[in-house]
Enquirer: 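Mind having a look at this structure? Questions to follow.
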Amino acid sequence: MDIKYSIFWTNIRYVVKGSWIDRKLGRKEKEILKSVSGRLNSGQLTAIMGPSGAGKSTLLEILVGIRRNGVHGCIMYEGRKEKLDIAFIPQNDTYLDVFTVNETLLFASRVRFATKLNNDEYFSKSLLIGEENDDINDGKLYHMNVIKNVLNIIGLEHVQDTLVKNLSGGQKKRLSIAQELVSQPDLLVLDEPTSGLDSTAAFKCMQLLKNLTEQRLPLTVLCTIHQPNPKTFNLFDKVYVLSNQGKCVYEGSPQHLTERLLMIGAQCPKFYNPADYIIEVAAGEHGTEIIENLIEFHKTETMVTIPIDSHLATLDSVKIKPNFPFVTHFIHLFLRSCALYFRNRLLLSLRLFTFLFSAFFLAYLFGSRVGTASGCPVLDGTLSPEMAEKAMKAGIAEAKAVADNMALLFVSVFLLIGGALFTTTIAVIDELRAFVKQRRNNWYGLWSFHFGMLLSDLPNQIIFPTIYIVIVYVLTNQAPEWWRFSNFLNIFLLLVSIAYSLGMIAGTVFMENIVAAIFCGPILIIIAALFSGLVVRIEIMPKVLRYISKLNFLRYAVEGIIITIYGYERCDKDVETKVTSMKQMLMGLIANILTIVDRELNGESDYENNDYDKSLIANITSSRESYVKDMSDAVVRAIMAGAGAGREDENGKPISRITGFFGVDDNDLHYCILMLIVNVVVYKVLAFIIMQKRCKHV
Ligand SMILES: Nc1ncnc2c1ncn2[C@@H]1O[C@H](COP(=O)(O)OP(=O)(O)OP(=O)(O)O)[C@@H](O)[C@H]1O
């Protein structure tokens, strides 16, 4: 067999230190792999075997570079090939269920082909297409040919138009292999490709891999396998067996295994599967001596000989690190995200429900008059005992209506935040799991993935919330001014955009635990609500918490919405005229009363001789003008406050009582919007950074 390259690992130790809490609790570090060495030759089908928990998957992940922390020893490469393209297929591969087999492969072929074109140094025509169809300039034809050939090799032609979610377990495993084959990696690494398959399906899967190493592709395959049946076991060119102590007990061909066992004095019983026997030995079922002997034998045998003219380097340095073509990948990923968006019926229905159905329902529930409540004084401009009674009742009714409207606005805030946050969390987890594997296998980069997803979700972030806001604003008769509507809409769109980023962050941080990711949503919303001034007024918060509330995007959204709806002269001229007229009437009334008192007092002789009364009269007379004005202003304000609606600004203009209740005034609006924009940018950048960091370590 022509060996083009080898990968060898020497004295690999893997130590798990445990978390900070583990260390504090005195839990010791755990050595999972204890100085294991071995070799992988190109063009061969190699299996790592061993009892459960021996460290098979761990070794595999160390070799492909997924696990780095706690790894000691070295992994080297020797051969003439400059660069090595390694594809890793995890045990539980992730699929985008809503695509067909053909679509899945077409996407894989397109993005990987674009990468190859962008990295000339390792571009070569696909060996998967025949001579007659090798026109790589005819993109569509090229991909069709690649897919046709891969499907033929893998044996999935008959299900090419089947949705991935409808494939059997074995077919899914084949699809995983097919996705990687379109780009012809040099080394295909698979963690338990036969798990969940019956022995016939497992044999077929391994036979396929064996054929790949022998036939049309110059492929090398390394995989882990549990307990292959004899037929499957004999397919391997080499098996590498780990003991339950994390040490290698055998490295060599399956056919030589019984011979080796004999050499150390152990005998595989007749009619017994040698694979089963060596696993029993490795698990310690036949005593420790036999294991020790096998380990010793392997140690003396593992003498790595390197040809003088070979290219020797660390495996890391020869792994391909391609430059990704951003624009091409962005287009493919954008189109894929759009297709995912529309094919994911559950999410689409959830979004439609959140934004459309609930808009009509809330408008119906709150009624068409709820938005007309302005929180302004409801005095009728006359001064009479009946008026005071009427004003009191009207004021209370106004206060209740305003409270209803506030409830509607806040339900809308939480509905739109929740809708964006939850659906994004679910969608991100789905796409991110696929991304991690595909990124690891050099399909495409984070930038194109992130922006493709971001852009494909823009309609969701703009169109649905806009429809919701239009329906609610119009049907509940909110203030009929264009600028108020557009401000209101903008604030909600900014809010949805922030919620989208939060959903991304929650989905990214907890991508391995969907329950935790979903649970994060309500927690985030509750914390934001607590510091928004909605649940607890900012004024009564302890000073430290007041500062914290300044970091809260929801505070700016709530204040912005209140000013937009109730600020900026929401109380119209009519209200102002009525209040002024009432004040004047009251002024006249008080002035008349005082004049009567004045005259009465002057007519009494006693008062002429009494110094106290004289000064009283003088006081009343001299300060009458301002006194009467202040008095009437105070009485009208008291009526307004007592009636539960409306108040005055420092210039005596009537304003909605809601802005006062929340301690905001008109000048804060631009600041609120600015802060919301800042929050949008901060959360978007944060989502990207977290995604970058998170995907690096998965
Ligand atoms: N990060 C970790 N922290 C603690 N223990 C770990 C960690 N990773 C792996 N282990 C332990 O290392 C051992 C080997 O795990 P590994 O998954 O490699 O076994 P395996 O041979 O592939 O088993 P199986 O065949 O059951 O999949 C197990 O005991 C596992 O619990």
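The structure presented is a predicted model; accordingly, all values stated were derived computationally and were not measured. In each ligand, atom 1 is the first atom listed, and ligand 1 is the first ligand listed. What's counted below: heavy atoms across the whole structure, side chains too, no hydrogens, waters or symmetry copies.
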Enquirer: Taking everything shown except Lys172 itself, do over 12 heavy atoms lie less than 6.0 Å from its NZ?
Expert: yes
Enquirer: Go through ligand 1 atom by atom and flag the ones less than 4.0 Å from a non-hydrogen atom of Thr58.
Expert: 14 (C), 15 (O), 16 (P), 18 (O)
Enquirer: Check Arg67 against ligand 1 and report side chain, backbone, both or neither, counting heavy atoms closer than 4.0 Å.
Expert: side chain
Enquirer: Which residue and atom name correspond to the protein heavy atom nearest atom 3 (N) of ligand 1, and how close is it?
Expert: Val16 CG1, 3.2 Å
Enquirer: Pull out every atom of ligand 1 sitting under 4.0 Å from any heavy atom of Lys30, numbered as shown with elements.
Expert: 5 (N), 11 (C), 29 (O), 31 (O)
Enquirer: Looking at Phe435, Phe688, Phe326, Phe330, which hits ring-ring contact (aromatic ring centres under 6.0 Å, His included) with His450?
Expert: Phe688
Enquirer: For His286 and Tyr277, run ring-ring contact (aromatic ring centres under 6.0 Å, His included): C-alpha distance rounded to whole Å, both residues' side-chain angles, the deciding distance at 0.1 Å, then the answer.
Expert: CA-CA 9 Å; His286 296 272; Tyr277 187 70; 4.8 Å; yes
Enquirer: Should you measure from each heavy atom of Ser57, which atoms of ligand 1 turn up under 4.0 Å away?
Expert: 17 (O), 18 (O), 22 (O)
Enquirer: Considering only heavy atoms, which of Gln227, Lys56, Lys17 lies nearest to atom 25 (O) of ligand 1?
Expert: Lys56
Enquirer: Show the atoms of ligand 1 that are less than 4.0 angstrom away from any heavy atom in Ser52.
Expert: 23 (O), 24 (P), 25 (O), 26 (O)
Enquirer: More than 12 heavy atoms of other residues, nucleotides or ligands under 6.0 Å from CZ of Phe519: is that the case?
Expert: no
Enquirer: Can the ring centres of Tyr5 and Tyr77 be said to be less than 6.0 Å apart?
Expert: yes
Enquirer: Under 4.0 Å, counting heavy atoms only: does Gln91 come that close to any atom of ligand 1?
Expert: no
Enquirer: Please determine whether side chain to side chain donor-acceptor pair (under 3.5 Å) holds for the pair Ser501 and Lys684, giving the CA-CA distance in whole Å, both sets of side-chain angles, and the decisive distance to 0.1 Å.
Expert: CA-CA 6 Å; Ser501 302; Lys684 291 255 175 287; 3.0 Å; yes
Enquirer: Take atom CD in Gln255; do more than 12 heavy atoms of anything else shown fall under 6.0 Å from it?
Expert: yes
Enquirer: Does ligand 1 have any atom that is closer than 4.0 Å to a heavy atom of Ala54?
Expert: yes
Enquirer: What do we get for Ile32 next to ligand 1 when only non-hydrogen atoms under 4.0 Å count, side chain, backbone, both or neither?
Expert: side chain
Enquirer: So, 4.0 Å and heavy atoms of Glu192: is ligand 1 close enough to count as a contact?
Expert: yes
Enquirer: Verify whether the ring centers belonging to Tyr444 and Phe324 lie closer than 6.0 Å.
Expert: no
Enquirer: Looking only at protein heavy atoms, identify the closest one to atom 13 (C) of ligand 1 and say how far it is in Å.
Expert: Gly53 O, 3.5 Å
